[in-house]
J.: 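Starting off with a structure, shown below.
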Amino acid sequence: MERDDIIQYQEDNELIAIRRNKLEALMAKGLNPFSRKKYQVTHNSKEVKEQFESLDGCEVSIAGRIMAKRGHGKASFCDIMDELGKIQLYVKMDEVGPEAYELFRDLDIGDILGVIGTVFKTHSGEISVKVKTFELLAKSLRPLPEKWHGLQDPDLRYRQRYLDLIMNDKVKETFVTRSRIIKAMRNFLDARGYLEVETPVLQTTAGGAAARPFITHHNALDIDMYLRIATELHLKRLIIGGFEKVYEIGRIFRNEGMDIKHNPEFTTIELYEAYCDYHDMMDLTERLITYIAQEVLGTLKITYQGQEIDLTLPWRRMRMVDAIKEFTGEDFQAVSSDDQARALARRLGVEIKDSDTRGNVINAVFETFVEKHLVQPTFILDYPIEVSPLAKRTDYDPMMTERFELFITGREMANAFSELNDPLDQRQRFIMQAKQRAAGDEEAHMMDEDFVMAMEYGMPPTGGLGIGVDRLVMLFTDSYSIRDVILFPTMRPKTSQ
RNA sequence: GACCCAUUAGCUCAGGCGGUAGAGCACUUGACUUUUAAUCAAGGUGUCCGGGGUUCGAGUCCCCGAUGGGUCACCA
């Protein structure tokens, strides 16, 4: 749209036109509401309320957005909202003078206001500020959503998150909690001597997970590059380099479907500790998540979408084959051939391809029959090698790996291995993945020669752990959708009509 | 990707069998110096998501498309 068209379009809306006229009237009086560069604030709304006893009668300077106005002739009330809440202003013509009072009457809900006044309590007991002087710090040119119901339309809530934040208190809370969860993670790991590092987002080989990457192009090098699908392989290079405890909290990008649990970009924390195995990682996972729960929620008993979740330690630990046995009665540890495994799975009603091997079958049966039942925190141990190309084999079965996933509310929350450190085996695993890739599996791992070479210099036995931060935040904030814990979730662009 | 549902005023929502669109909030004007979903009086809201079709007549029925939500599939 041309600029004139935009202006025309806005003026087509009566409510916007009225506000633009008010703006012009202010400008005509030489009062540009956008000229203020700063405003000295002495207190926020919460402080005024919490420290009322000592502030009663004192002068304070506060600022915020007008959320409601109640006029009473020559006096008015209005509510302004700052980051920590709302507080009522009382504006009397006798106090501010007739000219200023007229200006105040023309203010709109949504305007950003700075005021100086004295703290007092109204007859009905509401802690308020009696305004002496006020200043319009920014004019709002568009009407806010309805005050009582807030903004409900999910499309608008995600596209215009700022409106969601202004109108819906709980939303702000969720994102404050998200920040506190991440801070607690850092505190926990930093206190244990972990080093926080940053590894490349732009990569020439996207490794460390089974997922389709986003592809972009680097002009100067004239090469396609991938956005990372995991932080894993670079963090392990750092273990090879001699750091013994590292972690990264970072954005990951996967070119997959979107739903209630998946956003194309999301956040993980991965950590690696030399000379540890996956049992140590299980202990660490328990301590980390319960620490966060205590720090952020102050309890280990939480409710997620009506389900009671008890994080009290220790959490259940069971091998994948044993879990399958518990929920289906079938013992896949006793199954030795691929044919036998496929036949057994098909008897259970699981769709299996002829090319699927025993490990793929076990994984598919697990996902079909077990996952959804793992509501209380449960570690599932020992994953088939086919789906775990970066994990060490178990001692008891060379086709199983020392890998666990943590499930809570039937969802995967964490994934960890005794990291494979045998470069010869690692190369074989990549070759196996490359075959699957060649056969059309776009999510199979890419061969990463550079990573194998690094491993050839010698990598200590290492435990590694990855946690889906968004899902953890969902659990701790009782959020139904991943979009409720990501400030600006991915949205299809609105086409202009 | 498949299926189901939704889309009506700035926002939250009603609109029976197809007869030309409503409420509340917000807004405008007026009254009101302790209200708080303030109150009282009066007033204007509109690309009924877009495009076709059926019909004398479509917000309503049919088809195509857009966006969102949900379920399933895949993934974390």
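We name chains A, B, ... by the order of the sequence lines, and we start the count at 1 in each one.
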J.: Using a 4.0 Å heavy-atom cut-off, does M413(A) contact any base of the nucleic acid, only the sugar-phosphate backbone, or nothing at all?
T.: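 Nothing, no heavy atom under 4.0 Å.
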
J.: Please name the nucleotide paired to U67(B) by Watson-Crick or G-U wobble geometry with both distances under 3.5 Å, or report none.
T.: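 Pairing partner, where one exists within any strand: A6(B).
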
J.: Within this structure, what is the CG-to-P distance between N255(A) and G1(B), rounded to whole angstrom?
T.: 12 Å

J.: For R251(A), I'd like to know if atom CZ has over 12 heavy atoms of other residues, nucleotides or ligands within 6.0 Å.
T.: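 No, CZ of R251(A) has 12 or fewer neighbouring heavy atoms, counting only those of other groups under 6.0 Å.
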
J.: Between the side-chain atoms of S124(A) and the base atoms of U34(B), is any donor-acceptor pair under 3.5 Å?
T.: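 No pair found.
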
J.: Assign F266(A) to base, sugar-phosphate, or nothing according to its heavy-atom contacts below 4.0 angstrom with the strands shown.
T.: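 Base contact.
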
J.: Expressed in whole Å, how much space separates the P atoms belonging to A73(B) and G46(B)?
T.: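 47 Å, rounded to whole Å.
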
J.: Mind telling me if G68(B) is syn or anti? Syn here is a glycosidic angle within 90° of 0.
T.: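 It is anti.
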
J.: Could you tell me if the side chain of L89(A) sits less than 4.5 Å from the side chain of I66(A), heavy atoms only?
T.: no

J.: Select base, sugar-phosphate, or nothing to describe what D153(A) touches, counting heavy atoms under 4.0 Å on all strands.
T.: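 Sugar-phosphate: the residue D153(A), judged by heavy atoms under 4.0 Å, touches backbone atoms but no base.
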
J.: Could you give the CD1-to-P distance, from I127(A) to U34(B), as a whole number of Å?
T.: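 Spelled out: CD1 on I127(A) to P on U34(B) is 20 Å.
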
J.: May I ask you to say what A209(A) touches in the nucleic acid, namely base, sugar-phosphate or nothing, with a heavy-atom cut-off under 4.0 Å?
T.: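 Nothing, no nucleic acid heavy atom in range.
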
J.: Can you figure out which of U36(B), C74(B), U33(B) approaches the side chain of D259(A) most closely?
T.: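 Ranking U36(B), C74(B), U33(B) by closest atom to the D259(A) side chain puts C74(B) first.
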
J.: Ignoring hydrogens and geometry beyond distance, is the side chain of E126(A) in donor-acceptor contact with the base of U36(B) at under 3.5 Å?
T.: yes

J.: According to a strict under-4.0 Å criterion, is K261(A) in side-chain N/O contact with OP1 or OP2 of A73(B)?
T.: no

J.: Do the side chains of D448(A) and R429(A) get close enough for a salt bridge, i.e. N-O under 4.0 angstrom?
T.: no

J.: Return the nearest nucleotide to the side chain of I18(A); candidates are G68(B), U35(B), U28(B).
T.: U28(B)

J.: What integer distance in Å separates H123(A):NE2 from U36(B):P?
T.: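 Roughly 14 Å, once rounded to whole Å.
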
J.: Return the nearest nucleotide to the side chain of Y480(A); candidates are C11(B), G70(B), U34(B).
T.: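 So the side chain of Y480(A) is nearest to G70(B).
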
J.: Expressed as a whole number of Å, how far does the P atom of C40(B) sit from that of U67(B)?
T.: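 The answer is 45 Å between these two P atoms.
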
J.: Give a yes or no on whether a donor-acceptor pair under 3.5 Å exists between the nucleobase atoms of U7(B), that is its base, and the side chain of D155(A).
T.: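 Counting by modelled atom types and ignoring angles, no donor-acceptor contact under 3.5 Å is found here.
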
J.: Checking all strands, does K121(A) fall into the base, sugar-phosphate, or nothing category for heavy-atom contacts under 4.0 angstrom?
T.: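 No contact.
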
J.: Do K392(A) and Y278(A) form a cation-pi contact, if we require the NZ or CZ to be under 6.0 Å from the six-membered ring centre and within 45 degrees of the ring's axis?
T.: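 Not satisfied by the 6.0 Å and 45° rule.
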
J.: With a 4.0 Å cut-off on N to O distance, would you call K261(A) and D470(A) a salt bridge?
T.: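 Here K261(A) does not pair with D470(A) in a salt bridge, since their nearest N and O are not under 4.0 Å apart.
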
J.: So does K372(A) have more than 12 non-hydrogen atoms from other groups sitting under 6.0 Å from NZ?
T.: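 Atom NZ in K372(A) is packed in, count exceeds 12.
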
J.: With stacking defined as ring centroids separated by under 5.5 Å and planes differing by under 30°, is H149(A) stacked against U12(B)?
T.: no

J.: Examine G69(B): is either OP1 or OP2 under 4.0 Å from a nitrogen or oxygen in the side chain of R483(A)? Give yes or no.
T.: yes

J.: I want to verify a distance call: between C74(B), C32(B), C27(B), whose nearest atom is closest to the R105(A) side chain?
T.: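 The answer is C32(B), which lies nearest to the side chain.
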
J.: To the nearest Å, how far apart are R212(A) CZ and A76(B) P?
T.: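 Rounded to the whole Å, the gap is 12 Å.
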
J.: For E412(A), answer base if it contacts any base atom (sugar-phosphate contacts may also be present), sugar-phosphate if it contacts only those atoms, and nothing otherwise; contact means non-hydrogen atoms under 4.0 Å.
T.: sugar-phosphate

J.: Answer with base, sugar-phosphate or nothing: what part of the nucleic acid does I252(A) contact at a heavy-atom distance below 4.0 Å?
T.: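 Since no nucleic acid heavy atom lies under 4.0 Å of I252(A), the category is nothing.
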
J.: Who is the Watson-Crick or G-U wobble partner of C40(B), with both distances under 3.5 Å?
T.: G30(B)

J.: Using the C1' atom as the point on both nucleotides, what is the distance between C11(B) and U45(B), in whole Å?
T.: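 Nearest-Å result for U45(B) against C11(B) at atom C1': 13 Å.
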
J.: May I ask you to evaluate whether R492(A) reaches the phosphate of G68(B), defined as a side-chain N or O under 4.0 Å from OP1 or OP2?
T.: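 Checking G68(B) against R492(A), a side-chain N or O does come within under 4.0 Å of OP1 or OP2.
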
J.: Assign L156(A) to base, sugar-phosphate, or nothing according to its heavy-atom contacts below 4.0 angstrom with the strands shown.
T.: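 Since only primed, P, OP1 and OP2 atoms lie under 4.0 Å of L156(A), the category is sugar-phosphate.
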
J.: Rounded to whole angstrom, note down the C1' distance from C48(B) over to U8(B).
T.: 4 Å

J.: Any side-chain heavy atom of L406(A) sitting closer than 4.5 Å to one from W315(A)?
T.: yes

J.: Check this for me: E83(A), atom CD, are more than 12 non-hydrogen atoms of other residues, nucleotides or ligands nearer than 6.0 Å?
T.: no

J.: Using the side chain to side chain donor-acceptor pair (under 3.5 Å) criterion, which residues pair with T118(A)? Sequence neighbours excluded.
T.: none

J.: Could you tell me which nucleotide pairs with A14(B) by Watson-Crick or G-U wobble geometry, both distances under 3.5 Å, or answer none if nothing does?
T.: none

J.: Please report the distance separating the P of A58(B) from the corresponding atom of G19(B), rounded so that it comes out in whole Å.
T.: 11 Å

J.: Should C17(B) be called syn or anti, with syn set as within 90° of 0?
T.: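 C17(B): syn glycosidic orientation.
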
J.: Using the P atom in both, what is the distance from U39(B) to G24(B), to the nearest Å?
T.: 12 Å

J.: State which of A76(B), G10(B), U36(B) makes the closest approach to the side chain of R254(A).
T.: A76(B)

J.: Any base atoms under 4.0 Å from D106(A), or only sugar-phosphate, or nothing? Heavy atoms, all strands.
T.: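 If one applies the 4.0 Å heavy-atom cut-off, D106(A) turns out to touch nothing in the nucleic acid.
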
J.: Measure CD/E146(A) against P/C11(B) and give the value in whole Å, please.
T.: 11 Å

J.: Please tabulate the protein-to-nucleotide N/O contacts below 3.5 Å involving nucleotides 38-44 of chain B, giving atom names and distances.
T.:
| from | atom 1 | to | atom 2 | distance (Å) |
| --- | --- | --- | --- | --- |
| A38(B) | OP1 | K147(A) | NZ | 2.4 |
| A38(B) | OP2 | R70(A) | NH1 | 3.3 |
| A38(B) | N7 | G71(A) | O | 3.4 |
| A38(B) | N6 | G71(A) | O | 2.6 |
| A38(B) | N1 | H72(A) | ND1 | 3.4 |
| G44(B) | N2 | E14(A) | OE1 | 3.1 |

J.: For G68(B), does OP1 or OP2 lie under 4.0 Å from any side-chain N or O of R159(A)?
T.: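 So the side-chain polar atoms of R159(A) do come within 4.0 Å of the phosphate oxygens OP1 or OP2 of G68(B), strictly under.
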
J.: For the side chain of K22(A), counting heavy atoms from C-beta on, which of U71(B), U28(B), C11(B) is nearest?
T.: U28(B)

J.: Should E270(A) and K236(A) count as an ion pair when the cut-off is N to O under 4.0 Å?
T.: no

J.: Using atom CE of M258(A) as one end and atom P of U67(B) as the other, report the distance to the nearest whole Å.
T.: 12 Å

J.: Sticking with atom C1', work out how far G44(B) lies from U34(B), rounded to a whole angstrom.
T.: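 After rounding to an integer number of Å, I get 33 Å for this pair.
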
J.: Any heavy-atom pair between the side chains of E196(A) and L189(A) that's under 4.5 Å?
T.: no

J.: Considering only atom P, compute the distance from G15(B) to U55(B) and round it to an integer number of Å.
T.: 29 Å

